[in-house]
Q: 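Handing you this structure, nothing more for now.
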Protein chains: 2
Amino acid sequence: MLEAALFLYTESRRLTKGVASRFGLTGPQLAVIKMLEPVGRLSLSELSERIRARNSTVTGIIDRMEREGLVRRRRSSEDRRVVHIELTDAGSKLARKIPVEPFQIFRQVLGELSARDAADLKRILMRLAKRVQQIVSDADEKSAVPNASADDGAK
Amino acid sequence: MLEAALFLYTESRRLTKGVASRFGLTGPQLAVIKMLEPVGRLSLSELSERIRARNSTVTGIIDRMEREGLVRRRRSSEDRRVVHIELTDAGSKLARKIPVEPFQIFRQVLGELSARDAADLKRILMRLAKRVQQIVSDADEKSAVPNASADDGAK
DNA sequence: CAGAAACGTTTCGTGTACGAAATAGTTCCT
DNA sequence: AGGAACTATTTCGTACACGAAACGTTTCTG
């Protein structure tokens with residue numbers, strides 16, 4: 001069971017990475033392009049939130065994409081702290097060429113489950129998540145450490 | 001539903017990393033130490049397989065741990081291509097201090113599920129994994145890539 | 001309005017993570 | 001034996017990923 005969950009996770013990475021490399025992109029870069037395509041532009045923070053990475057990480061990703069001429073940085077005029085990221089012509093052209101399919105593959109497979117299985121899965125995962133959260137916050141209180149946040153990269 | 005799965009994944013990373021840093025380790029380093037503790041020593045390849053990383057990645061992890069005096073490299077005498085990694089005294093002392101709990105937290109929570117939920121979850125995840133594998137290997141055939149080996153899976 | 005607090009972004013240092021190529025050692029074939 | 005094929009590990013170059021600290025900007029508060 002843990003194996004299946006792990007497989008699903010590693011496979012999702014393999015999938016996106018595979019598709020991305022066919023277009024000369026990396027996984028995160030693909031995510032950025034597809035995130036920008038429909039909305040036009042996003043602030044760096046909005047972008048980080050959506051691809052679930054820290055600002056400092058996204059800065060690097062955008063640096064490289066800017067170097068490749070895929071995106072452009074533009075200072076916001078309303079709030080000059082903000083940087084908007086937008087696709088260049090080359091970037092949006094590339095975005096249109098990449099099929100959405102790989103992002104949707106898990107949604108698709110989930111959609112193929114029977115209604116009952118889908119409901120069961122949802123219910124069980126929610127229960128697990130809730131329980132883990134409970135245990136974690138208990139532990140945080142006990143250790144009473146001011147800073148508790150931490151994530152990492154390891155994929 | 002996807003959110004719950006994602007939460008479980010990111011939370012698992014947060015947990016291990018949090019515990020690891022309390023002992024001056026990183027996530028992967030903690031994994032290595034706990035992997036070595038019961039068996040004494042492993043070849044670098046065995047280690048990579050178990051922590052699900054490539055040899056070239058593990059080389060770096062071991063380099064840093066060796067620098068910290070936690071592990072030792074020792075050339076195998078039977079097969080001189082092989083390098084055994086083993087804990088130093090300091091390493092195994094540290095290993096004994098670290099509670100196993102955080103690694104088991106998900107197993108624990110899974111164990112708290114009712115027998116029926118556990119069975120359902122297992123069945124559904126297996127089905128999803130199988131289906132994804134199917135789709136992926138179809139795609140691989142079409143693009144005519146020679147190697148299509150799926151990832152390992154054991155834990 | 002001035003100083004403090006908050007916010008958004010970048011910079012810096014460390015640690016993964018991977019693939020490709022290089023290196024060293026082993027086994028297999030004839 | 002002698003080279004081809006194979007295996008285990010390291011080296012190299014690139015890209016994430018994170019937290020802490022530095023900066024410039026904006027907002028809050030007195």
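Residue numbers start from 1 in every chain, and the chains themselves are labelled A, B, ... in the order their sequence lines are given, proteins ahead of strands.
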Q: Do nucleotides 20-27 of chain C as a string where each nucleotide becomes B, S or -: B if the base has a protein heavy atom under 4.0 Å, S if just the sugar-phosphate does, - if no protein is that close.
A: B----BS-
Q: Atom CD1 of B:Ile85 and atom C1' of D:dT10: how far apart are they, to the nearest Å?
A: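 About 12 Å, once rounded to whole Å.
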Q: Given atom NE2 of B:His84 and atom P of D:dT10, what is their separation to the nearest angstrom?
A: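 Rounded to the whole Å, the gap is 13 Å.
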Q: Can any side-chain N or O of B:Ser21 pair as donor or acceptor with the backbone N or O of B:Gly24 at less than 3.5 Å?
A: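 No; judged by distance alone, with no hydrogens or angles, the pair does not exist.
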Q: Contact class for B:Thr59 vs. all strands (heavy atom < 4.0 Å): base, sugar-phosphate, or nothing?
A: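 It contacts base atoms.
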Q: Over how many whole Å does the gap from B:Ile51 atom CD1 to C:dT16 atom P extend?
A: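 B:Ile51 atom CD1 is separated from C:dT16 atom P by 9 Å.
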Q: By the salt bridge (Lys or Arg N to Asp or Glu O under 4.0 Å) test, which pairs, at least two apart or in different chains, include something from residues 87-98 of chain A?
A: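 Qualifying pairs: none.
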Q: Once rounded to the nearest 0.5 Å, what's the spacing between atom CG of A:Leu70 and atom CG of A:Leu87?
A: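 Spacing of CG (A:Leu70) from CG (A:Leu87) equals 8.0 Å.
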Q: Do A:Ser43 side-chain atoms and A:Glu46 backbone N/O form a donor-acceptor pair below 3.5 Å?
A: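 Yes: the side chain of A:Ser43 pairs with the backbone of A:Glu46.
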Q: Could you list by number each residue of residues 60-72 of chain A showing a heavy-atom separation from DNA chain D of less than 4.0 Å, or answer none if no residue does?
A: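 Listed by number, they are A:Ile61, A:Arg64.
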Q: Tell me whether B:Leu42 is reachable from B:Leu94 by hopping between hydrophobic residues (I, L, V, M, F, W, Y) whose side-chain heavy atoms are closer than 4.5 Å.
A: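 Hydrophobic grouping puts B:Leu94 with B:Leu42.
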Q: Roughly how many Å is it from CD in A:Glu49 to P in C:dC7, rounded to a whole number?
A: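 Value for this atom pair: 13 Å.
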Q: Just wondering, are more than 12 heavy atoms of other shown residues or ligands nearer than 6.0 Å to CZ in A:Arg123?
A: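 Yes.
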Q: What is the distance, to the nearest angstrom, from the CG atom on A:Leu30 to the P atom on D:dC16?
A: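 Going from CG in A:Leu30 over to P in D:dC16 covers 11 Å.
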Q: Please pick, from C:dT9, D:dC18, D:dT10, the nucleotide with the shortest atom-to-atom distance to any side-chain atom of B:Lys17.
A: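 The nucleotide sitting nearest to the side chain is D:dC18.
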Q: Nearest 0.5 Å, please: how far is CG in A:Asp120 from CG in B:Asp120?
A: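 Going from the CG atom of B:Asp120 to the CG atom of A:Asp120 covers 5.0 Å.
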Q: Given 3.5 Å as the limit, does a donor-acceptor pair link the side chain of B:Ser76 with the main chain of B:Asp79, or not?
A: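 Confirmed, B:Ser76 side chain pairs with B:Asp79 backbone.
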Q: Using OP1 and OP2 only, check whether a side-chain N or O of B:Thr26 sits under 4.0 Å from C:dT16.
A: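 Result: yes.
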Q: Can you list the residues that meet the salt bridge (Lys or Arg N to Asp or Glu O under 4.0 Å) rule with A:Glu66, with sequence neighbours excluded?
A: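 For A:Glu66 the salt bridge (Lys or Arg N to Asp or Glu O under 4.0 Å) partners, ignoring immediate neighbours, are A:Arg73.
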Q: To the nearest Å, give me how far apart CD (A:Gln29) and P (D:dT14) are.
A: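 These atoms are roughly 14 Å apart.
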Q: Looking at residues at least two apart in the chain, or sitting in another chain, which of them share a side chain to side chain donor-acceptor pair (under 3.5 Å) with A:Glu37?
A: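 Residues passing side chain to side chain donor-acceptor pair (under 3.5 Å) with A:Glu37: A:Lys34.
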Q: Would you indicate, yes or no, if D:dC18 has its OP1 or OP2 atom less than 4.0 angstrom from a side-chain nitrogen or oxygen of A:Thr57?
A: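 Yes, within the criterion.
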Q: Just how far, in rounded Å, is C1' of D:dA22 from CG of A:Asn55?
A: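 Roughly 15 Å, once rounded to whole Å.
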Q: Treating Ile, Leu, Val, Met, Phe, Trp and Tyr as nodes and any side-chain heavy-atom pair under 4.5 angstrom as an edge, say whether B:Val39 and B:Leu44 lie in one connected cluster.
A: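 Looking at the clustering, B:Leu44 is in the same group as B:Val39.
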Q: Do any of residues 39-46 of chain B sit with a heavy atom less than 4.0 Å from DNA chain D, and if so which?
A: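 Within this stretch, B:Ser43, B:Leu44, B:Ser45 sit under 4.0 Å of the strand.
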